[in-house]
Amino acid sequence: MTRHVQALVVGGGISGLVCAYALRKAGIDAHLFEASPRPGGVIQSVTRDGFLLELGPQSFSATAQLRVLIQELGISDQIVQAPARAPRYVLVDGALRPVPLSPPAFFTSSLISASTKWGLVRDFFGKSLPPGTDESVAAFVRRKFSPQLLDHLMGPFVSGVYAGDPERLSLRSAFPSLHEAESSAGSIIRGMFRTAKSKTGPRERPTLLTFREGNETVIRALSTSLGPAMRTATNITGIAAEGGGSFSVCVESNGASDSISTKSLIIATPTNVIGNLLSQLDSSFESLFALVEYAPVAVVSLGYRRSDIRHSLDGFGFLVPRSSGLHVLGTVWNSSLFPGRAPDGHALLTSFVGGATDPSAAVLPTDELASLVHREISPVLSITGDPVFASVTVWPRALPQYNLGHGDRLAAAAKLLQNHPGIWLAGNYLRGPAIGSCVEQALAVAKEVREALEK
Ligand SMILES: Cc1cc2nc3c(=O)[nH]c(=O)nc-3n(C[C@H](O)[C@H](O)[C@H](O)COP(=O)(O)OP(=O)(O)OC[C@H]3O[C@@H](n4cnc5c(N)ncnc54)[C@H](O)[C@@H]3O)c2cc1C
């Protein structure tokens, strides 16, 4: 006999786990099925040879909702915080230059040309409106400021968040606050000030966090809280409509198939899987979701003897403008940010290669990736010895690209979903790829599901 559950979440990355957790907290009998043997999706922390590695995200920005979640899960005491004033650098003309993090630093920075500074003054005192069409991040920065700002700061920042191509990323989808600021106030700066002023509630200072034993701590805590309501190594292979507003979900586990029926289905997988799963309900889902591109990224962690690195490593790490010609997009100095990342006398540096602007580099053989990164970062950090440790993780579909037309695609998906009440989507292609944004979106979905069930 087919088993019925009140709510079923497909996918046990942070989005699915948080959604299932919030539903169960609200007294809903929610179950989560994750295809791989371990939950967490791209969030994976492992210890090897005394180095504590993050195979996906290296840390996350604190948001108010994340703080509450961490507190509820009882893991606040395991948080470790990066030094608040850790400088970030960009590599320009072969040298690391600090990223200006305050208005005075911006105006005195040698990274920013006089014409860019003048662009900011013009923005503050002037009035502009975004074009009516979807504008790329690159076109926006060139229109409002300068090509130099795009190359030196915005491009590297876009690599850091999306591993994206600013020529193709949509400003209104990838950085909605910038688009809204200009639309509503006629000026980015005035609009941002206005938004900051209107925010109520406690202000969250921008800080980077992880846990003593790595990002995966939050995954373990969520999994523990779900207990037997979470099943790993369980692949969802099909979804069909049953009568009476229910869905029949085909589940494969240990070579056996089964089906489960539910009226509330939350799909928290990457978009290619969603398209596939929902194609039985409407084939348009597949073609629509196929249009969401993902960028591949290789995460390369190298361990060195500290004495073999002459640079002070005083900061967060550095980002690399695409004009530099390097394959490395950026490097995080893990052991400068958090304790216990490397054995005594050693340093751990994690670099990212590939992204939307250099996809073929991300899929080079792993030993080539390790030597490429060593070759490229050695002159920057004055590294004199070979790495004593290397780990390479390749994510062929690392990050969804909020490219031009992304907003229209999401709107079309929402419209299609109106024909299938009872299905919700959660994931990092909706409100931003950052862990905090995934948590926010997953909690919002859980609220909608709860409200629908209460009707
Ligand atoms: C290299 C890298 C670096 C990053 N750096 C940062 C950072 O520094 N800070 C930050 O905030 N964010 C960072 N991010 C982004 C952030 O980690 C992700 O956006 C977020 O973790 C995605 O979570 P998710 O649950 O939406 O998706 P995923 O983690 O992709 O989870 C989806 C889950 O669905 C499962 N699944 C797929 N198909 C099925 C199926 N048929 N049946 C059942 N389960 C299925 C998958 O196995 C997977 O576990 C980074 C991401 C990457 C890849």
Side-chain angles (χ1 to χ4, degrees), residues 8-20 31-45 53-63 66 82 159-164 206 208-210 215-216 218-219 222-223 230-239 249-253 260 265-278 294-301 316-317 319 329-330 332 334 337 350-355 362 392-402 425-442 445:
L8 196 156
V9 179
V10 185
I14 187 78
S15 302
L17 287 167
V18 167
C19 191
H31 292 251
L32 182 146
F33 292 168
E34 162 56 43
S36 74
R38 50 165 294 288
V42 299
I43 301 178
Q44 295 186 28
S45 318
L53 312 170
E54 297 292 352
L55 307 188
Q58 304 297 300
S59 58
F60 52 89
S61 294
T63 62
L66 251 175
S159 293
V161 180
Y162 287 94
L208 284 178
L209 308 177
T210 183
N215 292 331
E216 211 176 309
V218 69
I219 301 299
L222 285 163
S223 308
M230 176 181 85
R231 268 172 60 183
T232 52
T234 304
N235 198 11
I236 302 302
T237 54
I239 293 166
V249 178
C250 187
V251 179
E252 277 184 18
S253 179
I260 294 190
L265 183 60
I266 301 97
I267 311 181
T269 67
T271 52
N272 57 330
V273 179
I274 305 173
N276 209 349
L277 289 177
L278 294 183
Y294 281 67
V297 173
V299 180
V300 181
S301 295
F316 180 82
L319 288 164
L329 298 170
V332 174
N334 308 82
L337 291 179
T350 298
S351 303
F352 304 91
V353 176
V392 176
T393 306
V394 175
W395 299 101
R397 293 172 60 85
L399 286 152
Q401 299 299 296
Y402 289 45
L425 303 179
N428 60 357
Y429 57 93
L430 290 161
R431 276 202 203 173
I435 291 173
S437 309
C438 293
V439 168
E440 183 186 319
Q441 197 267 336
V445 167

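Every number for a ligand or one of its atoms is a count from 1 in the order of the listing. All figures in this text were calculated on a predicted structure; none of them were measured in a lab.
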A.B. asks: For Thr234 and ligand 1, answer yes if some heavy atom of the residue is under 4.0 Å from a ligand atom, otherwise no.
C.D. replies: yes
A.B. asks: For residues Val353 and Ala362, report the shortest heavy-atom separation together with the two atoms involved.
C.D. replies: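 Shortest heavy-atom separation between Val353 and Ala362 comes out as O-CB, 3.6 Å.
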A.B. asks: How long is the straight-line distance from OG of Ser301 back to CD of Gln58, given to the nearest 0.5 Å?
C.D. replies: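 Rounded to the nearest 0.5 Å, the CD-OG separation comes out at 5.5 Å.
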A.B. asks: For atom 31 (O) of ligand 1, what is the nearest protein heavy atom, given as residue, atom name and distance?
C.D. replies: Gly13 CA, 3.4 Å
A.B. asks: Could you tell me whether some N/O pair between Ser15 and ligand 1 is separated by less than 3.5 angstrom?
C.D. replies: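 For ligand 1, there is an N or O atom that lies under 3.5 Å from one belonging to Ser15.
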A.B. asks: Taking atom 16 (C) of ligand 1 as the point of reference, which of Ala442, Ser61, Pro433, Cys19 owns the nearest heavy atom?
C.D. replies: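 Closest candidate by heavy-atom distance is Pro433.
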A.B. asks: At a 4.0 Å threshold, what atoms of ligand 1 neighbour a non-hydrogen atom of Val10?
C.D. replies: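 Near Val10, the atoms of ligand 1 are 42 (N), 43 (C).
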A.B. asks: Give the C-alpha distance, both sets of side-chain angles, the deciding distance and a yes or no for side-chain contact (heavy atoms from CB on, under 4.5 Å) between Thr350 and Val300.
C.D. replies: CA-CA 5 Å; Thr350 298; Val300 181; over 6 Å; no
A.B. asks: With sequence neighbours excluded, what pairs up with Leu399 under the side chain to side chain contact (heavy atoms under 4.5 Å, CB included) test?
C.D. replies: Ala163, Gln401, Pro433
A.B. asks: Under 3.5 Å between any N/O of Gly436 and any N/O of ligand 1: does that happen in this structure?
C.D. replies: no
A.B. asks: Please could you name the atoms of ligand 1 that Gly427 approaches to less than 4.0 Å, counting only its heavy atoms?
C.D. replies: 26 (O)
A.B. asks: May I ask you to check whether Ile43 has an N/O atom sitting below 3.5 Å from an N/O atom of ligand 1?
C.D. replies: no
A.B. asks: Around atom 51 (C) of ligand 1, find the nearest protein heavy atom and jot down its residue, atom name and distance.
C.D. replies: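 For atom 51 (C) of ligand 1, the nearest protein heavy atom is Leu399 CD2, 3.8 Å.
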A.B. asks: Within the side chain of Gln441, is there an N or O that forms a donor-acceptor pair under 3.5 Å with the backbone of Leu425?
C.D. replies: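 Yes, because the side chain of Gln441 sits within donor-acceptor range (under 3.5 Å) of the backbone of Leu425.
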A.B. asks: Report, in ascending order of atom number, the atoms of ligand 1 lying under 4.0 Å from any heavy atom of Gly11.
C.D. replies: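 Those qualifying, in numeric order: 34 (O), 35 (C), 44 (N).
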A.B. asks: Which of the atoms of ligand 1 are close to Asn428, meaning less than 4.0 Å from one of its heavy atoms?
C.D. replies: 18 (C), 19 (O), 22 (C), 26 (O)
A.B. asks: So which atom in Cys438 and which in Gly432 form the shortest heavy-atom distance, rounded to 0.1 Å?
C.D. replies: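 Closest heavy-atom pair between Cys438 and Gly432: SG-O, 4.1 Å.
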A.B. asks: Do Ile236 and ligand 1 have an N or O pair less than 3.5 Å apart?
C.D. replies: yes
A.B. asks: Which residue and atom name correspond to the protein heavy atom nearest atom 21 (O) of ligand 1, and how close is it?
C.D. replies: Val42 CG2, 3.4 Å
A.B. asks: In the protein, what heavy atom is nearest to atom 36 (N) of ligand 1, and what distance, to one decimal place, separates them?
C.D. replies: Thr269 CG2, 3.8 Å
A.B. asks: Report, in ascending order of atom number, the atoms of ligand 1 lying under 4.0 Å from any heavy atom of Gln58.
C.D. replies: 8 (O)
A.B. asks: Just to be sure I read this right, does ligand 1 sit under 4.0 Å from the backbone of Ser59, its side chain, both, or neither, counting only heavy atoms?
C.D. replies: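 Backbone only.
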A.B. asks: Calculate, to the nearest 0.5 Å, the distance between atoms CD1 and OG belonging to Ile219 and Ser45 respectively.
C.D. replies: 8.5 Å
A.B. asks: Tell me, which protein residue and heavy-atom name are nearest atom 10 (C) of ligand 1, and how many Å apart are they?
C.D. replies: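 Protein heavy atom at minimum distance: Ile435 N, 3.6 Å.
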A.B. asks: Which atoms of ligand 1 sit under 4.0 Å from any heavy atom of Val273?
C.D. replies: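 Going through ligand 1 atom by atom, the ones under 4.0 Å from Val273 are 38 (N), 41 (N).
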A.B. asks: Say whether Asn235, considering both its backbone and side-chain N or O atoms, lies within less than 3.5 Å of an N or O atom on ligand 1.
C.D. replies: yes
A.B. asks: Does any N or O of ligand 1 fall below 3.5 Å from an N or O anywhere on Phe60, backbone included?
C.D. replies: no
A.B. asks: What protein heavy atom lies closest to atom 30 (O) of ligand 1? Include the residue and the distance to one decimal.
C.D. replies: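 Of every protein heavy atom, Pro270 CG, 4.1 Å lies nearest to atom 30 (O) of ligand 1.
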A.B. asks: Quick one: OG1 on Thr210 to CZ on Phe60, what's the gap to the nearest 0.5 Å?
C.D. replies: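 With rounding to 0.5 Å, OG1 (Thr210) is 5.5 Å from CZ (Phe60).
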A.B. asks: Run the numbers on Leu209 and Ser61 for side-chain contact (heavy atoms from CB on, under 4.5 Å), then give the verdict.
C.D. replies: CA-CA 6 Å; Leu209 308 177; Ser61 294; over 6 Å; no
A.B. asks: Tell me, which protein residue and heavy-atom name are nearest atom 32 (C) of ligand 1, and how many Å apart are they?
C.D. replies: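 It is Ala268 O, 3.5 Å.
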A.B. asks: Is the shortest side-chain heavy-atom distance between Leu265 and Ile239 below 4.5 Å?
C.D. replies: yes
A.B. asks: Could you tell me, atom by atom, which parts of ligand 1 come under 4.0 Å of a heavy atom of Gly41?
C.D. replies: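 Going through ligand 1 atom by atom, the ones under 4.0 Å from Gly41 are 29 (O), 31 (O), 48 (C), 49 (O).
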A.B. asks: Could you list which atoms of ligand 1 come closer than 4.0 Å to a heavy atom of Phe33?
C.D. replies: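 In order of numbering, the contacting atoms are 43 (C), 44 (N).
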A.B. asks: Using heavy-atom distances only, which candidate in Pro57, Gly56, Pro39 approaches atom 14 (N) of ligand 1 most closely?
C.D. replies: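 Considering heavy atoms of Pro57, Gly56, Pro39, the nearest to atom 14 (N) of ligand 1 sits in Pro57.
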A.B. asks: So which bit of Val299 gets within less than 4.0 Å of ligand 1, heavy atoms only: side chain, backbone, both or neither?
C.D. replies: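 The part of Val299 near ligand 1 is the side chain, not the backbone.
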A.B. asks: With side-chain contact (heavy atoms from CB on, under 4.5 Å) as the criterion, how do Ile260 and His31 come out once you've worked through the C-alpha distance, each side chain's angles and the decisive distance to 0.1 Å?
C.D. replies: CA-CA 11 Å; Ile260 294 190; His31 292 251; over 6 Å; no
A.B. asks: For the residue pair Val299 and Glu54, what are the closest heavy atoms and their distance?
C.D. replies: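 Smallest interatomic distance, heavy atoms only, reads CG1-O, 4.0 Å.
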A.B. asks: When the side chains of residues 269-277 are checked against the rest of the protein, which donor-acceptor pairs come out under 3.5 Å, sequence neighbours left out?
C.D. replies:
residue	atom	partner	partner atom	Å
Thr271	OG1	Tyr294	OH	3.3
Asn272	OD1	Arg397	NH2	3.3

A.B. asks: Looking at atom 48 (C) of ligand 1, what's its closest protein heavy atom, distance included?
C.D. replies: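 The answer is Glu34 OE1, 3.5 Å.
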A.B. asks: Kindly determine whether Leu278 and Ile267 satisfy side-chain contact (heavy atoms from CB on, under 4.5 Å), including the steps that lead there.
C.D. replies: CA-CA 10 Å; Leu278 294 183; Ile267 311 181; 3.6 Å; yes
A.B. asks: Please give me the minimum heavy-atom distance between Pro57 and Val42, naming the atom from each residue.
C.D. replies: CD-O, 3.3 Å
A.B. asks: Output yes when the distance from some N or O of ligand 1 to some N or O of Ala35 is under 3.5 Å, and no in every other case.
C.D. replies: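 Among all N and O atoms of Ala35, at least one is under 3.5 Å from an N or O of ligand 1.
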A.B. asks: Report the distance from atom CG of Asn428 to atom OG of Ser437, rounding to the nearest 0.5 Å.
C.D. replies: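 Atom-to-atom, Asn428:CG and Ser437:OG are 9.5 Å apart.
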